[in-house]
Amino acid sequence: MSTARSDGLAASINATLSDLLEQEPGLLLLGEDIGRLGGVFRVTRGLQERFGKERVRDTLLAESSIIGQAVGMAMSGLVPVCEIQFDGFSYPAVNQLVTQAARIGVRWNGQVSPSLVVRVPTGGGFRGVEHHSESNEALFARVPGISVACPSTGEDADQILRYAVTLGAPVVMYEPIRLYWRKAGPPRDPAPATSPTAARIARRGTDLTVVTYGAITHEVLRAAHELSPDVDVEVVDLRWVAPLDMDTILRSLSRTGRLLIVHEGSRDLGVGAEIAASVVERDVGSLRGPVRRLAPDRRVYPPADFEQQYLIGVQEIKNEVLVMTG
């Protein structure tokens with residue numbers, strides 16, 4: 001039974017983890033300060049007190065050790081759910097994720113199917129210091145054997161976590177930091193996604209399709225509502241960037257004929273580039289104009305005082321839509 005809540009991403013994830021710990025005896029949490037402190041964003045607050053130090057484990061300040069432990073636990077039949085404090089801290093764990101976790105199933109000829117989840121707070125908009133506001137989801141999305149999810153709501157985070165712990169393969173779930181405490185966003189189409197890894201049509205429209213994911217989905221939806229009724233924008237919230245639900249994107253494109261991709265990670269060699277290439281390969285005939293991408297330039301995330309010059313805002317999205325439909 002879903003325990004997703006509407007009072008912020010952090011509360012929703014906490015409720016889901018609590019429910020999973022209750023239901024699955026082999027599931028455990030591990031990460032830096034997740035027990036005593038409840039994590040740097042308090043997402044796991046109260047879980048160690050309820051389930052004990054063996055099920056909610058504080059680890060060393062060593063990301064490679066966290067994932068290394070999790071790989072061994074998963075191979076032993078446990079279901080570890082790890083927390084990396086910020087996505088900029090995930091790089092020391094790349095070796096364990098890419099050369100170990102992603103390859104175990106193939107290396108063992110399918111004889112083992114270890115479930116392993118890595119939760120990563122991501123993105124900017126909260127005045128973080130260096131290494132605290134990055135969006136590196138494309139790094140893991142291109143690695144065979146790793147699935148990558150980017151929820152924009154507590155409901156989707158709930159569904160993703162429940163699916164991830166049963167997948168039998170590693171999943172990295174990026175959690176937008178600026179959504180942890182946001183209680184409501186622009187209205188969305190209530191229709192659910194067609195499968196656990198499918199994209200969701202967050203807003204129905206006829207003039208242009210905007211594909212997005214994560215925190216910036218809220219800015220896209222706000223821009224779409226402000227442009228209505230002059231421009232009728234359809235918004236596709238990917239939810240997952242690996243696997244990438246191109247079928248939902250192409251169905252939307254067949255209705256609108258125009259495609260804009262918006263994401264917070266840098267523009268070059270990103271998720272948007274993959275989507276644009278796939279559209280050209282599979283259904284270029286549906287396009288009534290060029291595919292466009294709206295994302296930050298390829299540069300280091302700036303200091304807090306300058307992050308608004310880096311992030312994509314509502315007005316920039318509106319301007320891009322008007323250029324494409326004008």
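Below, all heavy atoms of this structure are taken into account, side chains as well, without hydrogens, waters or symmetry copies.
- Classification of the Phe86-Phe126 ring pair by plane angle, with boundaries at 30° and 60°, yields parallel.
- A side-chain donor-acceptor contact under 3.5 Å links Ser254 to the backbone of Arg251.
- Here the straight-line distance linking atom OG1 of Thr325 with atom CZ of Arg258 works out to 6.5 Å at 0.5 Å rounding.
- Contact annotation: the side chain of Tyr301 approaches that of Leu311 to within less than 4.5 Å [non-hydrogen atoms, C-beta and beyond].
- Scanning all heavy atoms of the two residues, the minimum distance from Val241 to Ala141 falls at CG2-CB, 3.9 Å.
- A side-chain donor-acceptor contact under 3.5 Å links Ser18 and Arg50.
- Residues Val262 and Val211 are not in side-chain contact: their nearest non-hydrogen atoms beyond the backbone lie 4.5 Å or more apart.
- A donor-acceptor pair shorter than 3.5 Å cannot be found between the side chains of Tyr310 and Asp297.
- A donor atom on one side chain and an acceptor atom on the other are found under 3.5 Å apart for Arg188 and Ser152.
- Atom CH2 of Trp240 and atom CZ of Arg200 lie 13.5 Å apart (nearest 0.5 Å).
- Put simply, CG on Leu269 and CZ on Arg142 are 9.5 Å apart, with the number rounded to the nearest 0.5 Å.
- At a threshold of 4.5 Å between non-hydrogen side-chain atoms, the residues Val271 and Ile275 count as touching.
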List the steps and the verdict of side-chain hydrogen bond (donor to acceptor under 3.5 Å, both in side chains) for Glu137 and Tyr213.
CA-CA 11 Å; Glu137 65 278 355; Tyr213 57 90; 2.7 Å; yes

Would Val165 and Ser115 count as a side chain to side chain contact (heavy atoms under 4.5 Å, CB included) if you check the C-alpha gap in whole Å, the side-chain angles of each, and the deciding distance to 0.1 Å?
CA-CA 6 Å; Val165 299; Ser115 292; 5.6 Å; no

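- In this structure, Gln48 contributes its side chain and Val56 its backbone to a donor-acceptor pair below 3.5 Å.
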Check step by step if side chain to side chain contact (heavy atoms under 4.5 Å, CB included) holds for Leu116 and Val71.
CA-CA 7 Å; Leu116 186 162; Val71 169; 3.9 Å; yes

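- Between the side chains of Tyr91 and Glu63, not a single donor N or O lies within less than 3.5 Å of an accepting N or O.
- Every residue meeting the side chain to side chain contact (heavy atoms under 4.5 Å, CB included) condition with Asp207, not counting sequence neighbours, appears here in chain and number order: Val231, Asp232.
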Under the side-chain hydrogen bond (donor to acceptor under 3.5 Å, both in side chains) rule, what do Thr212 and Asp237 come out as? Steps first, then yes or no, please.
CA-CA 5 Å; Thr212 189; Asp237 182 353; over 6 Å; no

From CA spacing to verdict: ring pair (Phe, Tyr, Trp, His ring centres under 6.0 Å), Phe41, Trp181:
CA-CA 10 Å; Phe41 296 108; Trp181 310 280; 5.8 Å; yes

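- A donor and an acceptor atom, one from each side chain of Ser252 and Glu234, are located under 3.5 Å apart.
- Here CG of Leu167 is found 16.0 Å from CZ of Arg162. Values are rounded to the nearest 0.5 Å.
- Leu78 CG to Glu24 CD: the interatomic distance, rounded to the nearest 0.5 Å, is 12.0 Å.
- Under 3.5 Å, the side chains of Thr209 and Thr256 contain a donor-acceptor pair of N or O atoms.
- Between the side chain of Asp87 and the main chain of Ser135, a donor-acceptor pair closer than 3.5 Å is present.
- Arg267 pairs by the salt bridge (charged side-chain N to carboxylate O under 4.0 Å, His left out) definition with nothing, not counting sequence neighbours.
- Remark: the Thr248 side chain and the Asp245 side chain contain an N/O donor-acceptor pair separated by less than 3.5 Å.
- The backbone N or O of Ile216 sits nowhere less than 3.5 Å from a side-chain atom of Glu264 that would complete a donor-acceptor pair.
- Annotation: the span from Leu238 atom CG to Asp156 atom CG amounts to 11.0 Å, rounded to 0.5 Å.
- Within the 3.5 Å criterion, the main-chain N or O of Gly272 finds a donor-acceptor partner in the side chain of His263.
- Arg57 and Gln69 are not linked by any side-chain donor-acceptor pair at a separation below 3.5 angstrom, with hydrogens and angles left out of the test.
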